[in-house]
Novice: 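What follows is a structure written as structure tokens; I'll ask about it next.
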Amino acid sequence: MPSVPKGRAIDLLSETIERLPPDDLAEVHNELFPQSPVSAEVASERPAQFAQQLIRQLRQGPEAELIVDLWNVVFPQHRGVFYDEEAGTIQYEGPSGSVQCAG
């Protein structure tokens, strides 16, 4: 089962969020901020700035459960994603090596 240290998981999520299309950016936003959902149209107005706002929020020290939730959104091909508290890693079932994004 592949695993990624928490810090590297945040880096991978951030790198991938930068490249997501607006509809996926909106989905990430809605996972981070379920109390104030946005549409793909809102995300498409300024996608680069929108992505940077999401990345800033992600890098503010998210809880492991948020990383797992975002991992499921950004890397849908991975299954059984969970945080291994003892190892401090995100573990998942799926292809190892290069992580492929949703978009």
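Only heavy atoms go into these numbers, but all of them, side chains included; no hydrogens, no water, no symmetry mates.
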Novice: Using the test ring-ring contact (aromatic ring centres under 6.0 Å, His included), find all partners of Tyr83 that sit at least two apart in sequence or belong to another chain.
Specialist: none
Novice: Return the minimal non-hydrogen interatomic distance between Tyr92 and Met1, and the atom names on each side.
Specialist: O-CG, 3.0 Å
Novice: To the nearest 0.5 angstrom, please state how far the CD atom of Gln57 sits from the CG atom of Leu70.
Specialist: 10.0 Å
Novice: So which atom in Ala26 and which in Ala43 form the shortest heavy-atom distance, rounded to 0.1 Å?
Specialist: N-CB, 4.1 Å
Novice: Which value, rounded to the nearest 0.5 Å, describes the distance between Arg19 atom CZ and Leu25 atom CG?
Specialist: 12.0 Å
Novice: Within a strict 4.5 Å, meaning less than it, do heavy atoms of the Ile67 and Lys6 side chains meet?
Specialist: yes
Novice: Identify, with sequence neighbours excluded, every residue that meets ring-ring contact (aromatic ring centres under 6.0 Å, His included) alongside Phe33.
Specialist: His29
Novice: In chain order, what residues pass the side chain to side chain contact (heavy atoms under 4.5 Å, CB included) check against Gln53, with sequence neighbours excluded?
Specialist: Phe50, Arg56
Novice: First locate atom CG of Leu12, then atom CD of Glu15, and finally report the distance between them rounded to the nearest 0.5 Å.
Specialist: 5.5 Å
Novice: Keeping to residues at least two apart or across chains, list the salt bridge (Lys or Arg N to Asp or Glu O under 4.0 Å) pairs with something in residues 57-73.
Specialist: Asp11-Arg59
Novice: Is there any side chain to side chain donor-acceptor pair (under 3.5 Å) pair reaching into residues 36-50, and which pairs are they, with sequence neighbours excluded?
Specialist: Ser39-Glu41
Novice: Heavy atoms only: give me the nearest Leu58-Ser14 pair and the separation to one decimal.
Specialist: CD2-OG, 3.6 Å
Novice: Could you give the distance from CD (Glu93) to CZ (Phe82), rounded to the nearest 0.5 Å?
Specialist: 8.5 Å
Novice: Minimum heavy-atom separation for Pro47 to Pro22, with atom names?
Specialist: CB-CG, 4.5 Å
Novice: Taking all non-hydrogen atoms of both residues into account, name the closest pair between Val68 and Val81 and its distance.
Specialist: CG1-O, 3.6 Å
Novice: Apply side-chain contact (heavy atoms from CB on, under 4.5 Å) to Val74 and Leu13, showing your working.
Specialist: CA-CA 7 Å; Val74 176; Leu13 287 167; 3.8 Å; yes
Novice: For Gln35, does the CD atom sit with more than 12 other heavy atoms under 6.0 Å from it, leaving out its own atoms?
Specialist: yes
Novice: In Å, rounded to the nearest 0.5 Å, how long is the span from CD of Glu31 to CG of Asn72?
Specialist: 8.0 Å
Novice: Can you sort out the partners of Asn30 under side-chain hydrogen bond (donor to acceptor under 3.5 Å, both in side chains), two or more places apart, ordered by chain and number?
Specialist: none
Novice: To the nearest 0.5 angstrom, please state how far the CG atom of Asp84 sits from the OG atom of Ser3.
Specialist: 8.0 Å
